[in-house]
Amino acid sequence: MEALRAAFRLAQASGAALDGSDLDGAYSELSVLAASGAMATTPAEARARADLLLLVGRATDHAVTDFTCAGTPPRQAAGTERRVIALGGIRAGAEAMPAPAGLVPTLGLLRAALASRPSARPEHADVARALKGARFGVVLYDPAELGEMGVDMVLGLMRDLNATTRFSSCALVEPAARLVVAVSAWTLGQAPRSGLGRGVPEHDPWRFNAERQVCSGEADTLVWVHPSVPPPAWTRSLPALALLADPRGDEADIVVAVAAPGRDSAGTLWDAERATMTFRPATAPRTDRPAAAVILDALTERVTMERGHPC
Amino acid sequence: MLTLIRGGRVIDPAHGRDGIGEVWVEGDRIIAAPESRTPDHVIDATGMVVMAGAIDVHSHIAGGNVILSRLLLPELHVNELGDPNRPFGSACGSAAQTGRLYARMGYTTVIEPALPPSAALATHLELEDVPFIDRGALTVMGNDDQLLALLRAGESRTAVRDLTAQTLALSRGLGLKVINAGGAAAFKENVRTFDLDDEVPSYGLTSRRILTALLDAHEAVGVPHPLHVHCNNLGAPGAFETMIETMRTAEGRPIHFAHAQFYAYAAHTAGGISSAAETLCAALAAHPNVTLDVGQVVFGQTCTISLDILRQFSARGAADPKKWIIVDGDAEGGGLVPFNYKRGSVFNALQFMIGLELFLLSPDPWRVLLTTDHPNGGPFTAYPRLIHLLMDKEERTRELANLPSKAVARCGLSAIAREFTLAEVAIMTRAAPARLLGLADRGHLAPGAKADIAIYRDQADRTAMFSIAALVLKDGETIVREGAVAAVHRGRTLTLAPQADAAMTRRTETYLQDRFGRGLDSFRVPEAAFARDVFAPQPCRV
């Protein structure tokens, strides 16, 4: 949290653009959300209540899915047995539903089966019946895997099912991406992939995609703030500073070892299972590493001094 | 520093003061006129009106659903112009802009009315980033499994009190709110309408039972602000009857009704709605324990935000533009439905008129407060225009001339001659909200009060007068001058700190571990999560 806030301050002072380090999944979800909305729930609520879980693709093998499937659901509707269906994947304890046509077309065919359309396939009839008969069903999916079209299909499925029963969805998005989207929304009024070069925040997911800006040569410097993830290869084409918790030292032109929040120092992080922010004390406190926010604020001070304070 | 404000018309209804006079400020407090001391700074308020800083008791300014509203409608927050010196403060829809826009109208305290205990830390972190003003938030209960399971098991009032106290303390709420008690829990079991005596299926509890339990617990904990209630049946024709029945349910205990306009609808014989404002105001007069805020509708685009997911799901067909979000959260969750309130719509015009009617028929300005339920009825920036309409009959007549005649005929507004006085405006926006929230240190200008002061140029155009304050002091510091930022002030977040019961703490730890795989620590809002000393604890009633 504090590193993010400091990164926003540095972007403000230097006129930089801001992007998240792993936003492809989040953006598949955000684009659809801004176009048509969403029906969503938390993994914790799904774990407590869902009598049917539909795991799509990579969601069959994900830590949040393990959490969601664990234990006996305390809030599950009386008289129901939990059913877990793995679409296009395999998971112990789950019924496998093949997706030979691909995940997104199969989701489309499921919608067709629900609506009894001519394109419906007989092999989907049982799952379609199960979805319709669920009392509180949840689809878990990875938006990075499905892309915008696939996310739209999942959310369309939600709208179809909620005409008669209750169903919701969980998008499995990187926790750091959730955090940066939230802080960006309240700091800039918009999601990240926003630029501050013109004095007011401008939001444009294409224009301010950091990878595109770097690869096209539009950007001339990069600051990487993600202590637990090293910068990807495309960042090596321009002068870069990386703030990392466990650096090798050759990840960027300048590498600063910083404290890992929740490990070396206390910090506010995203809890993927509760789908909100949580404060984590340091599990192995050490004081020889500065917080990323301290480095970023020092840079902001220097940039402000060199550029001059605004009138 | 010793500051003297002199020459202005000082309006302080909490102390019956209305006339040309002086206000002395030292540090962050208002003080009595000192004997034989020379002020370090004199503010000449000649031709101006001096009031305490205004207080908003119900405005959705932070939290997960507010974030979602920005992501659902990014087109609403496109930045074309701004102040390059303050890019965050001029960013449309940002927390910084919220604080700035409130401050320039002379508001110095704002209450976020929906603090979900499971996401309290995130809400408080966002509130911290709303500058200039003090904030507070109302902890939401009434759909959470732990409470409902406890009631189903027939546990004692003491147990409910202990859980309520603990939830308030854990989430750092300033008050307690209930939103369509049991409605969200019922919706998760596919219930599509939910009235006061309907049951949440698997708990066997009626909404009335849950509400009554929370009224008892609220009283036992000693929360200064009355239980803040969002009733069942919001927006439905005939909803006024639900609100009146809920008033009866309180049985004389203090109760505050949120956004009452959305309930003041009678079913019209020809279809649609007509105004029930007169009936509701008569009920208000008969129940002195009741207060309400209006939730005035204003015309234009907005995004409605509510934890009443049952109601929001049923409203999805009216979404404009055609997109909406429903989140089945750990208790309530959230529903977001964009609305465009149109002058040409009979229904929307009636909503607009019914809100004004509630103010003007109100038996007591101390009990009917100004809100738009931001952003549900419209943005809080509409307050100056609404004050103008309440103070000026001719201005109302001009406004009504542009509304559908069918709507005007179904509402008594056009026949109301009442015009609010400046003193009544000061009651409705300062003295009454402070009293209602139990904040003795604000909403007035007596010695000892916080030096939160708004100074306005006295203009016939009340919209202009209240849109841009000539000067705003927060904690004695000048933060706004002629509507522009004079100094960035970091306000504080007001909270209660009721004593939690150790046995209930242990029970809750077990419950949370079973339910979330996390203990109480995961839900806490620790001071260490904040960059500065942000919380200002307020006492509970003894």
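So you know, we letter chains A, B, ... as the sequences are listed, proteins then strands, and number each from 1. What you see below is based on every heavy atom in this structure, not just the backbone, and it leaves out hydrogens, waters and symmetry mates.
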Answer yes if the ring centres of B:F187 and B:F313 are under 6.0 angstrom apart, and no otherwise. yes
Ring center gap for A:H203 and A:F208 short of 6.0 angstrom: no
Where do B:D145 and B:Y511 land on the side-chain hydrogen bond (donor to acceptor under 3.5 Å, both in side chains) test, with the steps shown first? CA-CA 10 Å; B:D145 176 60; B:Y511 170 82; 2.8 Å; yes
Please flag which part of [X] lies under 4.5 Å from any non-hydrogen atom of chain B: side chain, backbone, both or neither.
X: A:T268; answer: side chain
X: A:A46; answer: neither
X: A:A182; answer: both
X: A:A77; answer: neither
X: A:S184; answer: neither
X: A:F8; answer: both

Measure from the side-chain N and O atoms of A:R307 to the backbone N and O of A:A13, and report whether any donor-acceptor pair falls under 3.5 Å. yes
Under 4.5 Å, counting heavy-atom pairs only, tell me which of A:R75, A:E273, A:R47 racks up the most with chain B. A:R75
Ranked by heavy-atom pairs below 4.5 Å to chain B, first place among A:M277, A:R280, A:R135, A:R274 goes to A:R274
To check you understand the geometry: which heavy-atom pair defines the closest contact between B:R316 and B:V337, and what is its length? CA-CG1, 4.3 Å
